[in-house]
Protein chains: 2
Amino acid sequence: MSSSRNGHPNAKLAPKAVVGRVSLYLRQLETLQLQGLDKISSRQLGEPFGIKNAQVRKDLAFFGQFGHPGIGYHVDALISVLREILGVDKDWPLALVGLGNLGRALLKYRGFRSRRFHIVAIFDNDPRKIGQEFGGMIVEPIEALRKSIASHKTSLALLCVPAESAQQVADLMVAGGIRGILNFAPAPLSVPSHVNVAAVDLSIQLENLAYKVQKTQEGVSYGG
Amino acid sequence: MSSSRNGHPNAKLAPKAVVGRVSLYLRQLETLQLQGLDKISSRQLGEPFGIKNAQVRKDLAFFGQFGHPGIGYHVDALISVLREILGVDKDWPLALVGLGNLGRALLKYRGFRSRRFHIVAIFDNDPRKIGQEFGGMIVEPIEALRKSIASHKTSLALLCVPAESAQQVADLMVAGGIRGILNFAPAPLSVPSHVNVAAVDLSIQLENLAYKVQKTQEGVSYGG
DNA sequence: TAGATTGTTAATCGATTAACAATC
DNA sequence: TAGATTGTTAATCGATTAACAATC
């Protein structure tokens, strides 16, 4: 028995794959809530993603017992509990560094706000950008990162600078106390173990697709 | 020893994780090539990504024998072979659908071109955008997708429309003969099995980071 | 030759799936 | 009650790591 749930006491860190799927479940639940549904089974919850019912139950079981045998899961209740588990039941201030094309696109991206992620400060090293206004914020020089992180209590940062300067900027983020970096630069980052990095690497994703497409297009017609 | 290598004959599709890592190796090799290195060991190759030497060798062994015992791998030779394996030894035309903030940022993104991915046609359903020029191309209506895919022989597409219309546009892509979709919309896509989808889901990545940060910040101070 | 490093096998580890008693 | 569906255990599957003979 022993209270596990919502990640307080001795709970272990869930495997990354589990957390990713739980995010998907949460999103699906929110869609269903808008549609007025109030109950859902593990089978229905996994279906849109091609995830098996046993997997859904196992993933949720990692955090506690939320379902009702014979019934399924209550949509509203499960939403609350998953939001709490993932930590998206509160606001997360974000620092955005690098105002190139991608950085400016992220500044306007609506998907973040709906998840309580808010960009609160923006940084660039281009003197022509510093002092300018973007999305209601004044661009600060990268040296201002440290103070800004402290004053906004920022834990998460979006790293949108070119590959060449990514490590250098990451170092400044770490020095300032950042705990998680979403890295859009196509470069590996070296950070202390208490800092988490997630990479968004578009070229690698495209290469993956290219490989599969190439593979499934030939393959068929060749002999052993 | 039966030619495996470079993915011609009976070669099985490599596990997704393997392909992703091979992309990283290739990028690292290219960096080393620019630095003038001509040999490298499996240990050095994996180091920047925190990948163990045994893993690097096993990943490469999936495609063939490219190394030399006691020596390591020849940088130039391995680059050629990995490019061929991944399919990035040739040009890949891309269709871009959805010219919101993200779509326009991708249009200018340099990371694609260096990998021989080229956006060759752009689409939107907004009448104010159709006919306009972006990045040297004229915006076409989404209904033109089918003909364009055929004439450009496009296998890969970037899907940057809002979540609500993502499935509908994906259906048109599939009908037009697209074989791989890089999906930026926060919505699950349902496609036939011969079409590959890779999702770029920023909110989910951020939620992952938020979870870990939250977890490592508390955790420590609570009792069993 | 001695030292380095490969490709590959065996051992370990972790993740997914199937099955089912318990429950509504 | 009968049918549905959970949480969980056991079985399967796949991926990572360690170890080492073969090779340069």
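- Checked against C:dT17, D:dC20, D:dT5, the side chain of A:Ala54 finds its nearest nucleotide in C:dT17.
- Between B:Asn53 atom CG and D:dT16 atom C1' there is a gap of 12 Å when expressed in whole angstrom units.
- Within a 6.0 Å radius of CZ in B:Arg113, other residues, nucleotides and ligands contribute more than 12 heavy atoms.
- Among the nucleotides C:dT16, C:dT8, D:dG7, the one closest to the side chain of B:Ala61 is C:dT8.
- In this structure, NZ of A:Lys52 is placed 19 Å from P of D:dG7, rounded to the nearest angstrom.
- Candidate nucleotides D:dT5, D:dA15, D:dT23 were compared by shortest atom distance to the side chain of B:Pro69, and D:dT23 ranks first.
- C:dT16 atom C1' lies 12 Å from atom CD1 of A:Ile51, rounded to whole Å.
- Between B:Tyr73 and C:dG7 there is a side-chain polar atom (N or O) within less than 4.0 angstrom of OP1 or OP2.
- Contact check, A:Gln65 against D:dG7: no side-chain N or O comes under 4.0 Å of OP1 or OP2.
- The distance between atom CZ of B:Arg57 and atom C1' of C:dT8, rounded to the nearest whole Å, is 9 Å.
- Between A:His68 and B:Leu60, the residue whose closest nucleotide on DNA chain C is further toward the 5' end is B:Leu60.
- In this structure, B:Lys16 atom NZ and C:dT16 atom C1' are separated by 17 Å, rounded to whole Å.
- Exactly one of A:Lys153, A:Arg115, A:Arg116 qualifies for a salt bridge (Lys or Arg N to Asp or Glu O under 4.0 Å) with A:Asp91. That residue is A:Arg116.
- For B:Lys58 and D:dA19, the NZ to C1' distance is 13 Å, given to the nearest whole Å.
- Side-chain nitrogen and oxygen atoms of B:Ser42 include at least one within less than 4.0 Å of the OP1 or OP2 phosphate oxygen of C:dT6.
- One interatomic measurement links the two molecules: CZ of B:Phe63 to P of C:dT8, which rounds to 14 Å at whole-angstrom precision.
- Looking at B:Gln167 and B:Asp171, their side chains do bring a donor and an acceptor atom within 3.5 Å of each other.
- Candidate nucleotides C:dT5, C:dG7, C:dC24 were compared by shortest atom distance to the side chain of A:Ile71, and C:dC24 ranks first.
- In a base pair of the Watson-Crick type (N1 to N3 plus N6-O4 or O6-N4) or a G-U wobble (N1-O2 and O6-N3), with each distance short of 3.5 Å, D:dC13 is matched with C:dG14.
- What separates CZ of B:Phe62 from P of C:dT9 is a distance of 15 Å, to the nearest Å.
- A salt bridge is defined here as a Lys NZ or Arg NE, NH1 or NH2 lying under 4.0 Å from an Asp or Glu carboxylate O, and B:Asp76 with B:Lys39 fails to meet this definition.
- In this model, no donor atom of one side chain and acceptor atom of the other lie less than 3.5 Å apart for B:Tyr109 and A:Asn101.
- Nucleotide D:dT23 has C:dA4 as its partner under the Watson-Crick or G-U criteria, with both atom distances under 3.5 Å.
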